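Throughout, protein chains are lettered first and strands after them, A, B, ... in sequence-line order, and every chain is numbered starting at 1. This structure is a prediction, so every number in the text was calculated from the model and none was measured.
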Number of protein chains: 2
Amino acid sequence: MAEKPYNCGIGPAFEVIGGKWKAVILWELNNQTRRFGELKRLVVGISEKMLIQQLRELEEDGLISRKMFNEIPPRVEYSTTSLGDSLNIALAPLADWGGNYAKLHDKK
Amino acid sequence: MAEKPYNCGIGPAFEVIGGKWKAVILWELNNQTRRFGELKRLVVGISEKMLIQQLRELEEDGLISRKMFNEIPPRVEYSTTSLGDSLNIALAPLADWGGNYAKLHDKK
DNA sequence: TAAGGTGCATACCAAAAGGTAAGAATTGGA
DNA sequence: TCCAATTCTTACCTTTTGGTATGCACCTTA
């Protein structure tokens with residue numbers, strides 16, 4: 001998933017938050033800092049490998065930032081950047097739509 | 001890409017418009033009916049196979065409708081349903097965001 | 001001494017998504 | 001007669017994505 005050019009913004013947006021997990025992860029970081037373990041619990045069904053991989057890519061794209069504390073056991077906190085915040089705002093209507101759609105299609 | 005449950009609407013939404021093409025296709029149908037060939041030209045880079053496949057799935061999910069005319073050569077027109085319209089509305093902020101993001105990252 | 005909590009990394013594999021190429025059906029027109 | 005236009009199908013393949021399993025490093029606590 002990496003093509004150009006696009007005649008609208010949908011293409012670039014999906015390059016950044018496409019895939020199964022990224023939007024959900026970013027959404028969990030909306031307005032709150034989360035530890036790695038927290039995210040693992042919140043994002044139901046994700047494996048550690050995927051979580052790390054997606055967090056790295058979100059970081060590379062400037063959507064989230066990572067803060068590491070030199071403690072034992074280790075502690076790492078993830079939070080959105082201002083760019084990530086702006087994306088979350090843009091995702092909100094889509095999340096609403098998805099919520100309604102899920103209700104209509106009786107997904108428990 | 002087909003899991004449940006989700007704790008937010010982002011999951012279901014991405015089940016429906018996830019992937020490389022669907023959102024772009026739906027976007028091209030925003031407020032206008034398009035023929036198959038038109039879409040092929042508008043959605044830059046898509047193959048016929050992908051276009052048909054994605055159109056079929058969008059139809060199954062109730063987002064677009066297909067009108068076939070018994071003419072030779074054949075003519076088929078695609079347009080959004082009201083559900084598809086509501087999704088396009090929800091996608092608009094994301095498209096805006098993507099447009100800005102693309103500018104910032106000098107993707108020509 | 002052993003086990004557990006944390007945040008990773010890595011190797012290997014399976015599944016899904018996407019791409020390429022070819023062809024089918026129909027009729028009008030050169 | 002042969003080709004063009006249009007929508008769609010099919011077979012085959014490559015790439016991407018995601019999943020499972022395992023291990024590491026460090027310290028705390030039992």
Side-chain angles (χ1 to χ4, degrees), chain A residues 1-6 10-26 28-29 33-61 64-79, chain B residues 1-6 10-26 28-29 33-61 64-79:
Chain A
M1 197 148 25
E3 294 308 314
K4 290 180 281 184
Y6 299 109
I10 285 288
F14 270 72
E15 265 190 40
V16 175
I17 33 126
K20 192 174 174 180
W21 300 114
K22 282 183 186 170
V24 180
I25 294 171
L26 195 70
E28 290 293 346
L29 294 176
T33 292
R34 301 277 198 194
R35 297 188 56 177
F36 179 84
E38 274 184 293
L39 288 173
K40 204 175 86 181
R41 265 173 280 122
L42 288 167
V43 182
V44 180
I46 198 171
S47 67
E48 292 194 345
K49 173 196 156 190
M50 274 297 118
L51 182 52
I52 293 173
Q53 199 174 96
Q54 307 301 301
L55 285 169
R56 293 276 178 279
E57 293 180 18
L58 287 169
E59 205 189 349
E60 277 173 24
D61 288 330
I64 67 173
S65 69
R66 195 180 103 109
K67 223 165 280 175
M68 193 175 46
F69 299 84
N70 279 332
E71 304 175 358
I72 296 292
R75 180 160 66 105
V76 180
E77 289 184 349
Y78 295 90
S79 55
Chain B
M1 198 155 9
E3 295 308 316
K4 291 180 283 185
Y6 298 110
I10 285 290
F14 270 72
E15 266 189 41
V16 175
I17 33 124
K20 192 174 176 180
W21 301 114
K22 283 185 185 169
V24 181
I25 294 171
L26 194 70
E28 290 295 346
L29 293 177
T33 290
R34 302 274 198 195
R35 296 188 56 177
F36 179 83
E38 275 183 292
L39 288 172
K40 203 174 88 178
R41 267 172 278 121
L42 288 166
V43 181
V44 181
I46 199 170
S47 67
E48 293 193 343
K49 172 197 154 188
M50 273 296 117
L51 182 52
I52 293 173
Q53 200 174 96
Q54 307 300 301
L55 286 170
R56 292 276 178 278
E57 294 180 16
L58 288 169
E59 205 189 349
E60 278 173 23
D61 288 329
I64 67 173
S65 68
R66 196 181 102 107
K67 222 167 281 176
M68 191 175 46
F69 300 83
N70 278 333
E71 303 176 359
I72 295 291
R75 179 159 67 104
V76 180
E77 291 184 350
Y78 294 90
S79 55

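Contact annotation: Arg35(A) side-chain N/O to dG7(C) OP1/OP2 distance is under 4.0 Å. The phosphate of dC27(D) (OP1 or OP2) has no side-chain N or O of Arg75(A) nearer than 4.0 angstrom.
Between the P atom of dG19(C) and the CG atom of Leu51(B) lies a distance of 12 Å, rounded to the nearest Å. If you take CG of Leu55(A) and P of dG7(C), they are 11 Å apart, rounded to a whole angstrom. Atom pair Ile25(A):CD1 and dG7(C):P shows a separation of 15 Å (rounding to whole Å applied). A straight line from CD of Gln54(B) to P of dA17(C) spans 9 Å, rounded to a whole angstrom. The separation between Lys20(A) atom NZ and dG18(D) atom C1' is 7 Å, rounded to whole Å. Atom pair Phe14(B):CZ and dA16(C):P shows a separation of 20 Å (rounding to whole Å applied). Rounded to an integer number of Å, the gap from CG of Asn70(A) to P of dC26(D) is 12 Å. In this structure, Gln53(A) places its CD atom 16 Å from C1' of dG7(C), rounding to the nearest Å.
Residues Phe14(A) and Ile17(B) form a side-chain contact, since some pair of their non-hydrogen atoms from C-beta on lies under 4.5 Å apart. Annotation: side chain of Val24(A) is not in contact with side chain of Val44(A) (no heavy-atom distance under 4.5 Å). Looking only at side-chain heavy atoms (C-beta outward), Glu77(B) and Phe69(B) come within less than 4.5 Å of each other. Contact of the Leu29(B) side chain with the Leu39(B) side chain is registered, since non-hydrogen atoms from C-beta on lie closer than 4.5 Å. The shortest side-chain heavy-atom distance between Leu55(A) and Arg66(A) does not fall under the 4.5 Å cut-off.
Considering only the side chain of Trp21(B), dG19(C) comes nearest among dC8(C), dG19(C), dT7(D).
Remark: Glu28(A) CD to Arg34(A) CZ distance equals 5.5 Å, nearest 0.5 Å. The line from NZ of Lys67(A) to CZ of Arg35(A) is 14.0 Å long, rounded to the nearest 0.5 Å.
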If you restrict it to nitrogen or oxygen atoms, what contacts under 3.5 Å exist between nucleotides 9-11 of chain D and the protein, and what is each distance?
none

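Scanning for side-chain hydrogen bond (donor to acceptor under 3.5 Å, both in side chains) contacts around Glu48(A) gives Lys40(A), with sequence neighbours left out. When the salt bridge (charged side-chain N to carboxylate O under 4.0 Å, His left out) test is applied to Glu71(B), the partners found at least two apart in sequence or on another chain are Arg75(B). Residues satisfying the side-chain hydrogen bond (donor to acceptor under 3.5 Å, both in side chains) test with Ser47(A), not counting sequence neighbours, are none. Residues satisfying the side-chain hydrogen bond (donor to acceptor under 3.5 Å, both in side chains) criterion with Glu59(B), sequence neighbours excluded, are absent altogether. Considering only residues two or more places apart in sequence or on other chains, Ile52(B) meets the side-chain contact (heavy atoms from CB on, under 4.5 Å) condition with Phe36(B), Arg56(B).
Phe69(B) comes within 4.0 angstrom of no nucleic acid atom, judged by non-hydrogen atoms across all strands.
Each of Gly37(B) and Ile46(A) was assigned the nucleotide of DNA chain D with the nearest heavy atom; the assignment lying further toward the 5' end belongs to Gly37(B).
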Contact string for nucleotides 25-30 of chain C, one letter per nucleotide 5' to 3', B = base within protein heavy-atom range under 4.0 Å, S = sugar-phosphate only, - = neither, reads -BS---
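Taking five base pairs at each end of the helix from dT1(C)-dA30(D) to dA30(C)-dT1(D) and finding the rotation axis that steps the C1' atoms of four pairs onto the next four gives two axes whose angle is 30°, to the nearest 10°.
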